[in-house]
Structures are given as structure tokens and as C-alpha cells.
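First the structure, in the form of C-alpha cells, and then the observations on it.
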Amino acid sequence: METRISEIADGIYRLSTFVPQIAPPAGFTFNSFLIRGEEPLLFHTGLRKMFPLNRDAVAKIIPVAELKWIAFGHYEADECGAMNEWLAVAPNAQVAHGATGCLVSLNDMADRAPRVLADGEVIELGGGKRVRYIDTPHTPHGWDAGVMMEEETGTLMCGDLFTQLGDGPALTTGDVVGPAMEAENLFKYSALNPTMAVTIRRLAAFAPRTLALMHGPSFAGDGAAALGALAEDYERLTASARMAIAESTAA
Ligand SMILES: [Fe+2]
Ligand SMILES: [Fe+2]
């Protein structure tokens with residue numbers, strides 16, 4: 001396995017590791033994003049067992065010991081499995097996450113106390129970069145779920161939203177909604193809930209110009225339109241789940 005590095009927006013680096021054994025024949029990518037600033041931030045630690053690959057990739061961009069912030073979508077192995085490995089090699093680094101994630105998992109699981117972020121709170125990274133944390137409970141899964149928006153470049157770090165199979169390009173202007181629905185139908189990774197579309201439309205209001213997908217290519221273009229289309233698809237899925245419930249109770 002190798003971890004490839006691509007700059008997908010000014011000062012934002014995608015570290016991508018393709019695993020052909022997952023969901024063959026298409027395979028599956030795991031992506032972390034490094035935001036360069038006076039206080040560099042890594043979004044997704046990667047799996048614990050992939051730590052050497054991701055550490056060596058980060059080291060090609062900045063000295064690993066200078067990493068300041070470790071953030072991720074929610075508490076799962078691919079999002080934060082290597083959290084403590086990063087804390088060990090970056091002595092000034094701190095995990096930053098929403099209140100639910102900190103209270104439920106991170107206050108206990110992180111080797112140093114995390115910074116608790118309120119919904120909408122901003123971390124100034126310096127060098128023009130600033131990230132806003134946004135709570136997205138149960139979207140696509142995990143009650144601690146959240147995303148981050150880097151506001152200088154308009155890059156939304158989507159976590160598992162828009163998850164797709166395959167090893168596409170680092171950056172695409174093509175469709176990211178259709179492939180996400182294919183992966184949804186295969187994996188059923190989302191916790192379908194009545195407010196899911198509302199949560200996704202709230203992200204659309206930030207009008208991102210780049211969508212940084214954890215599993216898939218990054219998307220350059222009208223992020224609000226892509227999020228709006230994703231919200232509509234999830235509305236349809238949630239409605240058909242409701243119909244299935246109604247049919248099962250009527251039977
Ligand atoms: Fe996940
Ligand atoms: Fe993930």
C-alpha cells in the first residue's frame with residue numbers, strides 16, 4: 001500500500017490510501033486531509049494500522065512534530081484509530097471535536113484531554129486558514145458526527161458523507177452524488193433519520209467550493225448543489241423506509 005499526496009485546494013493536502021481488498025473489484029480509499037497553517041490541522045488520523053503510511057506522508061509536507069490539531073468526523077477506527085499515535089509524535093497536538101464526541105469517547109480514549117468545540121466554533125490556524133466545526137448528529141452516522149469547513153478556501157471536510165467506492169482521481173468536477181448513493185445502497189452506512197436532509201442542507205448554506213471526501217475523490221465545483229442533491233436522495237430513502245415501516249405494521 002502507498003499513500004498518495006495531492007494538494008486539492010490552496011494549502012490543503014489529501015493523503016489517500018487505496019485498499020483494493022475492500023469491496024472488490026472496485027476497492028476503497030481512505031483519505032486524510034492536512035491543512036497547512038501556523039497551527040497545522042489533520043482531519044482524520046487514519047486507521048491505527050495505517051499510521052506509518054500517513055505519518056510518512058505528513059512528514060513530506062511539514063515536520064510531524066509541528067502538527068497542532070487532530071480532528072475527524074466521528075469516533076471510528078478509520079476516522080481516529082491512530083489518534084494516540086499522532087499525539088505521541090506531535091507533543092503540542094490536541095484533539096478537537098464536538099461536545100458529544102468528547103463526552104462520550106474522547107475524554108477517556110485520547111491520551112491528552114481534547115478541546116471541546118461548540119457547534120459553529122472556529123479555530124484560527126494562522127496563515128489565513130480557519131476551520132469552523134459543525135455538528136451533524138447521526139449524519140451520516142454516529143451521534144457525535146461533525147464536519148469542518150476551512151473558510152479561506154471554502155473546503156468542506158465531509159467525513160463519510162458522499163462515500164464512494166473505487167480509486168478515482170484526487171480531484172473531480174464530475175458527479176459525486178450518484179456514486180455516493182451506489183455506496184449507500186451497498187454498505188447502508190447512513191443512520192437514516194427524519195432530520196438528515198435538514199442537516200445536509202444546513203451544510204449547503206456554507207456554499208463550499210471544494211468537498212473533501214474521506215472515501216472518494218475531492219470535488220471541485222458547486223458544493224451547495226451537490227449537497228442539495230444528496231439531501232434530496234436521502235429524503236427519498238427516508239421516505240421509502242417510512243413506507244416499509246407502514247407496510248410492515250399493516251401486514
Ligand atoms: Fe464512519
Ligand atoms: Fe470513514
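No hydrogens, no waters, no symmetry mates; every other heavy atom, side chains included, goes into these values. Residues: numbered from 1 along the sequence shown. One-based numbering, in listed order, for ligands and for the atoms of each.
Under the 4.0 Å criterion applied to side-chain N and carboxylate O atoms, Glu150 and Arg36 are not assigned as salt-bridge partners. Salt-bridge formation is detected for the pair Glu151/Arg132: a Lys NZ or Arg NE/NH1/NH2 atom is positioned less than 4.0 Å from an Asp or Glu carboxylate oxygen. The pair Lys49-Asp78 does not meet the salt-bridge criterion, since no charged nitrogen lies less than 4.0 angstrom from a carboxylate oxygen.
If you look at the Fe ion (ligand 2), the protein N, O or S atoms less than 2.8 Å from it are Asp78 OD2, Glu79 OE2, Asp160 OD1, Met214 SD, His215 NE2.
When hydrophobic side chains of Ile, Leu, Val, Met, Phe, Trp and Tyr are connected at separations under 4.5 Å, Val122 ends up as a singleton with no cluster partners.
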Under 3.5 Å, which donor-acceptor pairs link side chains of residues 242-251 to any protein atom two or more places apart or in another chain?
unit_1, atom_1, unit_2, atom_2, d
Ser248, OG, Ile245, O, 2.8
Thr249, OG1, Ile245, O, 3.1
Thr249, OG1, Ala246, O, 2.9

Please table the atom pairs, donor to acceptor, closer than 3.5 Å between any side-chain atom in residues 56-71 and protein atoms at least two apart or in another chain.
unit_1, atom_1, unit_2, atom_2, d
Lys68, NZ, Asn92, O, 3.4
Trp69, NE1, Glu39, OE1, 2.9

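The atom of His141 that is an N, O or S and sits closest to the Fe ion (ligand 1) is NE2.
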